[in-house]
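One structure is given below, encoded as structure tokens.
For the numbers below, each heavy atom of this structure counts, side chains included, while hydrogens, waters and symmetry mates do not. FYI, the numbering just counts along the sequence from 1. Model, not experiment: these values are computed from the prediction.
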Amino acid sequence: MRRTLPAVATALLLALTSCATSGPAGPSRVGSPAAAPAASRQDAAQAEQTMASLRRVDDLPLYEMTYVGAYDPTVGTDAAPPSPFGCSLFVAAGDPARPLFARNFDWDANPALVLRTDPPDGYAAVSLVDISYLGVGADPAGDRRLLDAPLLPFDGMNERGLAVGLAADDAATARPVAGRPTVGSVRILRLVLDRAATVDEAVAVFTRHNLDFDGGPPLHYLLGDASGASAVVEFVDGEMRVERGTGGWQALTNVPVAGVPEQRRREDRRYGQIAAVLTDAGAVVDADAAHRILAAVRQGHTRWSVTYGLRSGEVRLITAGGGERRYQLAVR
């Protein structure tokens with residue numbers, strides 16, 4: 001958490017408010033579960049406190065963990081980004097008092113983790129991680145590779161109400177710019193969550209980095225913030241393109257949107273369904289309505305559906321088995 005607020009124990013930052021309970025695997029990392037993690041900058045007590053916070057909460061299986069202490073979000077990892085099997089995302093901000101970010105993550109039947117982070121030099125956040133990309137299996141107890149979990153958020157929201165999610169985009173190509181550091185195409189989400197309070201600041205994080213799409217499909221990204229602003233970040237012919245949301249909503253599936261006419265975008269079934277509902281609703285939807293939209297575009301391999309209240313801080317997560325978890329992040 002930025003130190004403009006009084007320090008609060010990380011474990012208390014995100015309070016659980018209610019719960020209801022139920023292809024190829026991701027690449028494995030070399031090394032034993034006890035191997036030293038690459039990202040951790042914790043002392044021994046902080047690492048043990050982090051591992052002790054791990055608990056199973058759903059039969060997906062879904063786990064929760066609170067990361068205590070510091071990490072280096074720039075170190076290397078051999079984890080790869082997700083497959084182009086799907087993903088559907090949207091921002092609905094027709095009601096400026098309750099802008100909302102929603103997302104289906106569509107991929108293989110892997111275990112997932114709800115991760116709380118509060119780095120000493122960044123914003124506190126909650127994010128979702130497919131832990132198979134860390135080489136971690138369905139029973140992660142004691143596996144210290146979880147200490148690299150901050151490096152691989154697939155979607156998330158920080159304490160300033162800035163949310164980000166990714167989806168595959170087969171047409172994307174990223175050309176490196178001399179002098180910019182290169183980061184993985186999933187890692188960039190961690191840098192955004194740690195360092196950006198607004199969509200403009202998040203776009204600036206993208207602009208300062210080259211993205212590495214090697215080892216996985218190219219991606220594009222949806223951003224939303226507490227003001228209701230949104231943007232899609234794509235990579236077209238090697239160049240980064242940013243398309244700002246207009247009309248109170250913005251959606252993203254697995255088809256390009258930058259410079260593409262809206263009618264052509266709506267030829268994609270999932271995009272078209274989302275767009276039609278949001279247009280009819282004037283982009284005014286609450287979490288219940290957003291989850292109905294996500295349910296309508298679910299696929300057989302949808303692993304989780306999540307909504308982030310960009311001003312309320314409410315997180316509502318529904319897993320493939322139908323289990324629901326609710327969390328509250330202190331948004332300011």
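Nearest heavy-atom pair, A231 versus V242, reported as atom, atom and distance to 0.1 Å: CB-CG1, 4.0 Å. The minimum heavy-atom distance linking L147 with Y67 is given by the pair O-CE1, 3.4 Å. The two residues V91 and L223 have their closest heavy-atom pair at CG2-O, 3.9 Å. P153 and V186 get closest at one heavy-atom pair: O-CG1, 3.5 Å. Taking all atoms of both residues into account, the shortest heavy-atom contact from A196 to V205 is CB-CG2, 4.5 Å. Here the closest non-hydrogen pair linking S88 and L294 is O-CD2, 4.2 Å.
Separating the CG atom in L128 from the CG atom in D155 is a distance of 5.0 Å, to the nearest 0.5 Å. Atoms OH and CG, from Y71 and D148 in turn, are 12.0 Å apart once rounded to the nearest 0.5 Å. Note: D106 CG to T302 OG1 = 3.5 Å, rounded to the nearest 0.5 Å.
When atom types are taken as modelled, the side chain of R265 and the backbone of V255 share no donor-acceptor pair closer than 3.5 angstrom. Looking at S53, its side chain does come within 3.5 Å of a backbone N or O of T66 through a donor-acceptor pair. For the pair Y123 (side chain) and G161 (backbone), a donor-acceptor distance under 3.5 Å is absent. Using modelled atom types, no side-chain atom of E314 and backbone atom of G309 make a donor-acceptor pair closer than 3.5 Å. Between the side chain of Q250 and the main chain of E243, a donor-acceptor pair closer than 3.5 Å is present. The backbone N or O of L166 sits less than 3.5 Å from a side-chain atom of R103, completing a donor-acceptor pair. Of the possible donor and acceptor atoms, none in the side chain of R180 sits under 3.5 Å from a partner among the backbone N and O of L211. Using modelled atom types, no side-chain atom of D108 and backbone atom of N110 make a donor-acceptor pair closer than 3.5 Å. Between the side chain of Q42 and the backbone N or O of G69, no donor-acceptor pair lies under 3.5 Å. No side-chain donor-acceptor contact under 3.5 Å links D268 to the backbone of N254.
Ring geometry, Y133 versus F154: the interplanar angle falls from 30° to 60°, so the pair is classed tilted. The aromatic rings of F235 and F206 sit tilted, their planes meeting at an angle between 30° and 60°.
In this structure the side chain of V331 never reaches within 4.5 angstrom of the side chain of L310, judged on heavy atoms. With contacts defined as side-chain heavy-atom distances shorter than 4.5 Å, the pair D130/F105 qualifies. Contact annotation: the side chain of D169 never approaches that of L219 to less than 4.5 Å [non-hydrogen atoms, C-beta and beyond]. Contact annotation: the side chain of R266 approaches that of T279 to within less than 4.5 Å [non-hydrogen atoms, C-beta and beyond]. Using a 4.5 Å heavy-atom cutoff, the side chains of Y221 and V192 are not in contact. Considering only heavy atoms from C-beta on, T173 stays 4.5 Å or farther from P218 through its side chain. The side-chain heavy atoms of R144 and S40, taken from C-beta on, include no pair separated by under 4.5 Å. Contact check for P181 versus T74: no side-chain heavy atoms found under the 4.5 Å cut-off.
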*Would you check, one step at a time, whether the test side-chain hydrogen bond (donor to acceptor under 3.5 Å, both in side chains) holds for H291 with T307?*
CA-CA 7 Å; H291 274 284; T307 56; 3.3 Å; yes

*side-chain hydrogen bond (donor to acceptor under 3.5 Å, both in side chains) evaluation trace for T253 with R270*: CA-CA 7 Å; T253 56; R270 285 178 286 122; 4.9 Å; no

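Residues V57 and I318 fall into different hydrophobic clusters, defined by Ile, Leu, Val, Met, Phe, Trp and Tyr side chains chained together at heavy-atom separations under 4.5 Å.
In this view, R175 and E239 satisfy the side-chain contact (heavy atoms from CB on, under 4.5 Å) rule, not counting sequence neighbours.
We find that R244 and D200 are joined by a salt bridge, their nearest charged nitrogen and carboxylate oxygen being less than 4.0 Å apart. Taking a cutoff of 4.0 Å between a charged side-chain nitrogen and a carboxylate oxygen, E201 and R160 do not qualify as a salt bridge. Comment: R264 does not engage E267 in a salt bridge, judged by the lack of any side-chain N to carboxylate O separation of less than 4.0 angstrom. Contact check on R316 versus D288 returns a salt bridge, with a Lys/Arg side-chain nitrogen under 4.0 Å from an Asp/Glu carboxylate oxygen.
D237 CG: 12 or fewer foreign heavy atoms inside a 6.0 Å radius.
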